[in-house]
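Okay, so here's the structure we're looking at.
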Protein chains: 2
Amino acid sequence: MKITKQGQQIYDLILSSDGHMTAEEILIELKHQNLKIGIATIYRNLNALFTAGYINRVRHPELGYIYDKNKSDHYHFYDKKTKKIYDIDIEYQEKLDRIVEKITGGKVESHSIIFEGILNDKKNND
Amino acid sequence: MKITKQGQQIYDLILSSDGHMTAEEILIELKHQNLKIGIATIYRNLNALFTAGYINRVRHPELGYIYDKNKSDHYHFYDKKTKKIYDIDIEYQEKLDRIVEKITGGKVESHSIIFEGILNDKKNND
DNA sequence: ATGATAATGATAATGATTATCAATATTATA
DNA sequence: TATAATATTGATAATCATTATCATTATCAT
């Protein structure tokens, strides 16, 4: 995959962030950096980066897609107070996939878990 | 909660369905039954039914909200082939919430799991 | 250089959902 | 029961996230 100038800017920004950004946040930040870029280009490059496996994508229940620098299979916590998504570092529950395959007779590729609740004010673990 | 005529029609329809309907599907079906109803009324009542706890709501990765007659804490399977959502009847993994609380120090209200994969053609378990 | 090809970005289009608001239905009260 | 007060409806406009369009611009290969 050939990365373009704009694609690189977007990728760099995600890597330098806490790991979770929406397309809109990326637009605002790159504009702040006085880079000329349009929202269509951002979506186009995010899709390319995602399908090429450079970044991850999660669906936020309110904000649409969140782009995530953490590519590993991992879970998320949605803090209702700050309305932000945080990574949860517990091991992937492989066994659930096998159980569901047994029940349905189908093939499970993966599963995603979103925890929802309230995080403590003090600790702001991204 | 006072249920209106339209609210009742919507609720009845969901109960009589396989359990998973979009607002648009509800509109089409009620129109078929020659009931005069608008999409705004459907969303309004679905929101009311949901917040009052009469029905459940899940986010479909492509189609937006799915309204679900099954109110219990349960998981879902997204079949990439049919693009439909199915209930998965395995027990709620309470222990995951406790683990996450321990890690984050926050309060977990609940979690949702969506399994993704391909279901067998033969069995079409809703 | 120069022509071919690909990427950009402004903007229009789309799809799901919510807001607006005049018309209609329901409820409460005299 | 009439009628005033209040709530709900439904058509439609607005919104929000995302994708499509397409003329312009940048990049690449000769």
Side-chain angles (χ1 to χ4, degrees), chain A residues 1-14 17 20-52 54-68 76 78 83-85 112 114, chain B residues 1-14 17 20-52 54-68 76 78 83-85 112 114:
Chain A
M1 174 201 183
K2 57 224 152 187
I3 191 131
T4 67
K5 181 158 62 77
Q6 286 86 347
Q8 189 68 54
Q9 290 166 350
I10 292 165
Y11 185 52
D12 289 347
L13 177 58
I14 292 173
S17 76
H20 302 107
M21 298 192 85
T22 64
E24 200 62 31
E25 284 169 351
I26 291 169
L27 178 72
I28 290 166
E29 182 54 32
L30 292 181
K31 291 270 191 198
H32 265 179
Q33 298 178 16
N34 282 324
L35 299 175
K36 179 169 157 45
I37 197 163
I39 190 70
T41 302
I42 290 173
Y43 275 108
R44 224 183 286 117
N45 279 279
L46 285 172
N47 279 335
L49 288 165
F50 171 63
T51 52
Y54 285 95
I55 57 174
N56 215 332
R57 200 170 69 172
V58 205
R59 198 172 260 289
H60 181 113
E62 295 182 9
L63 305 179
Y65 286 127
I66 303 277
Y67 296 88
D68 186 348
H76 291 97
Y78 172 49
K83 301 199 174 199
K84 283 185 76 68
I85 293 261
S112 62
I114 298 183
Chain B
M1 175 204 183
K2 56 220 156 191
I3 190 130
T4 66
K5 183 157 63 76
Q6 287 85 346
Q8 189 67 54
Q9 290 167 351
I10 292 164
Y11 185 52
D12 289 346
L13 178 58
I14 291 172
S17 76
H20 301 106
M21 298 191 84
T22 64
E24 199 62 31
E25 285 169 350
I26 291 169
L27 177 71
I28 290 167
E29 182 53 31
L30 292 181
K31 291 270 191 197
H32 265 179
Q33 298 177 16
N34 283 322
L35 299 174
K36 178 167 158 48
I37 198 164
I39 190 70
T41 303
I42 290 173
Y43 275 107
R44 227 183 285 115
N45 280 277
L46 286 172
N47 279 335
L49 288 165
F50 172 63
T51 51
Y54 286 95
I55 58 174
N56 216 331
R57 199 170 70 174
V58 205
R59 199 171 259 288
H60 180 113
E62 296 182 9
L63 305 179
Y65 285 127
I66 301 278
Y67 297 88
D68 186 346
H76 291 96
Y78 172 50
K83 303 199 174 198
K84 282 183 79 66
I85 294 264
S112 61
I114 299 184

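Chain naming here is simple, since letters A, B, ... match the order of the sequence lines and numbering starts at 1 in each.
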Look through every strand shown and name the nucleotide pairing with D:dA4 as Watson-Crick or G-U wobble, where both distances are under 3.5 Å.
-> C:dT27
Roughly, in whole Å, what's the span from CZ in A:Phe50 to P in D:dT18?
-> 13 Å
Who pairs with C:dA7 - Watson-Crick or G-U, where each distance is under 3.5 Å = D:dT24
From CG of A:Leu63 across to C1' of D:dT18 the rounded distance in Å is 14 Å
Whole angstrom is fine here: how far is it from NZ in B:Lys36 over to P in D:dT8?
-> 18 Å
In whole angstroms, how far is the C1' atom of C:dA16 from the CD1 atom of B:Ile28?
-> 13 Å
For B:Lys31, the option from B:Leu27, B:Ile28, B:Asn34 that meets side chain to side chain contact (heavy atoms under 4.5 Å, CB included) = B:Leu27
For B:Met21 against B:Ile14, the heavy-atom pair lying closest together | SD-CA, 4.4 Å
Within the structure, does a side-chain N or O atom of B:Gln6 lie under 4.0 Å from either OP1 or OP2 of D:dG10?
-> yes
Over how many whole Å does the gap from A:Leu35 atom CG to C:dA10 atom C1' extend?
-> 17 Å
Does the side chain of A:Asn45 get closer than 4.0 angstrom to OP1 or OP2 of C:dT8 through an N or O atom?
-> yes
Closest-nucleotide ordering on DNA chain D, the 5'-leading residue of B:Thr4 and B:Ile39 | B:Thr4
Counting side-chain heavy atoms from C-beta on, which of D:dT19, C:dT18, D:dA20 comes nearest to A:Ala40?
-> D:dA20
Out of B:Ile39, B:Ile37, B:Ile10, which residue meets the side chain to side chain contact (heavy atoms under 4.5 Å, CB included) rule with B:Ile26?
-> B:Ile10
Starting at CG of A:Leu27 and ending at C1' of D:dC16, how long is that distance when rounded to a whole Å?
-> 14 Å
Contact under 4.0 Å: B:Tyr43 side-chain N or O vs C:dT17 OP1/OP2 = yes
Would you tell me if any nitrogen or oxygen in the side chain of A:Lys5 comes within less than 4.0 Å of OP1 or OP2 on C:dT8?
-> no
So, A:His76 versus A:His20, ring centres under 6.0 angstrom or not?
-> yes
Under 4.0 angstrom between B:Arg44 side-chain N/O and C:dT18 OP1 or OP2 = no
Are B:Lys84 and B:Tyr78 side-chain neighbours, meaning at least one heavy-atom pair lies under 4.5 Å?
-> no
To the nearest angstrom, the CG-P distance between A:Asn47 and D:dT18 comes to 9 Å
In whole angstroms, how far is the P atom of D:dT8 from the CD1 atom of B:Ile3?
-> 12 Å
Taking only N and O in the side chain of A:Lys2, is any of them less than 4.0 Å away from OP1 or OP2 of D:dC28?
-> no
